[in-house]
Amino acid sequence: MDPNVRPDSMERITNFELANKFIEEQVAAVRAQVGDKKVLLALSGGVDSSVVAALLIKAIGKQLVCVHVNHGLMRKGESEAVIDMFGKTLEANLVYIDATDRYLDLLAGVSDPETKRKIIGKEFIEIFAEEARKLEGISFLAQGTIYPDILESVKQAEGKKAVKSHHNVGGLPEDLKFELVEPIKLLFKDEVRVVGEALGLPHAMVYRQPFPGPGLGVRCLGAITRDRLHALREADAILREEFANCGLAEKVWQYFVIIPDIKSVGVKDESRYEGWPAIIRAVNTKDAMTATIEEIPYAVLHKIVNRITTEVEGINRVLYDLSPKPTGTIEWE
Ligand code: XMP
């Protein structure tokens, strides 16, 4: 039986009873696989790596070492949430690395989207490898691979081209060859969420909207600057807050702000004021291959526009992107 193929007999995990059964099986399987050895996990704070972390903490406690790399391209409050949940509440063995300066220095002046992605992905592997070398006696690498990732890599192996390069922890250097621990690799996303809640992770963390690996880096268009990135992070936090306030957060698949590298003339305190536009995108999709636009009520839009233009330094206009995928992709880069 191929361990990377979901057996037809595997029941879809739709409730806590099935989730708890899955957790029990995986706890036993992980213990049998790793014994008393140590396991390393790149904990991004995304749903998949968070669920793997919670599962492994349950199975092997302090034998798990979580590494959270803050590349400076996280949304507002995200790294703090990882530290609170895993470092404090679950008392995990957590290594936190603030690599903001390192990333922003490397990315300074780089405007090509694929080059930005490659730099972000490569640097991640480098930092993660540096940490792995510092830690003694690690034998295993845990990954939040899920079933759609396996299906996607099968498609790519068959020669179908990806539109954008995505990054994960694959491709560690030769001297760091770990055995993989992938406890959720046969699960679909909805099942991962049920398992996450059964493990006691907060609803907001488990139902977090998808967030690209390169983070805000592909939403701060062109060459990233610290001031524009800061404006993007603040505007995005306002959008998320307002979506949560009006019940859209749970309904819309992905919603975020993009800031292009252009300025327009505006007026503030009766003087000319050149600022960036913040672009709002809110899309619904099943598989991210195509996407439709969420119709945000005008009153909500007005409130968001008002808050972003008055609260965020550097932004003087807010635009709403109504383009579906295709022809637009979900992200702008
Ligand atoms: P696009 O922009 O291709 O996005 O329509 C489809 C989905 O993929 C996410 N995305 C990424 N995820 N690394 C990731 O892990 C990436 O480089 C990347 N680029 C896009 C995007 O947010 C959307 O959910």
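For ligands, and for the atoms within them, numbers begin at 1 and follow the listed sequence. What's counted below: heavy atoms across the whole structure, side chains too, no hydrogens, waters or symmetry copies.
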### Query
Does I330, backbone or side chain, put an N or O under 3.5 Å from an N or O of ligand 1?
yes
### Query
Does at least one non-hydrogen atom of W253 fall below 4.0 angstrom from an atom of ligand 1?
yes
### Under 4.0 Å to a heavy atom of P214 - the qualifying atoms of ligand 1, by number
13 (N), 16 (C), 17 (O)
### Query
Polar-atom distance check: R219 versus ligand 1, any N or O pair below 3.5 Å?
no
### Message
Apply salt bridge (Lys or Arg N to Asp or Glu O under 4.0 Å) to residues E24 and K21 and explain how you reach the verdict.
### Response
CA-CA 5 Å; E24 245 174 63; K21 186 167 158 268; over 6 Å; no
### Query
Under 6.0 Å from the CD atom of E25, do we count more than 12 heavy atoms belonging to anything else shown?
yes
#### Entry: Side-chain (E179) to main-chain (F140) donor-acceptor, under 3.5 angstrom
no
### Task
Please identify which atoms of ligand 1 are closer than 4.0 Å to at least one heavy atom of R117.
16 (C), 17 (O), 18 (C), 19 (N), 20 (C)
### Query
Hey, which atoms in ligand 1 end up nearer than 4.0 Å to a heavy atom of T329?
1 (P), 2 (O), 5 (O)
### Query
Between H68 and E78, is any side-chain donor less than 3.5 angstrom from a side-chain acceptor?
no
### Query
G213 heavy atoms, cut-off 4.0 Å: which ligand 1 atoms fall inside?
12 (N), 13 (N), 14 (C), 15 (O)
### Query
So, is Q254 polar-close to ligand 1, with some N/O to N/O distance under 3.5 Å?
yes
### Message
Can you tell me if D2 has over 12 outside heavy atoms packed within less than 6.0 Å of its CG?
### Response
yes
### Task
Using the test side-chain hydrogen bond (donor to acceptor under 3.5 Å, both in side chains), find all partners of R307 that sit at least two apart in sequence or belong to another chain.
E241, E242, E311
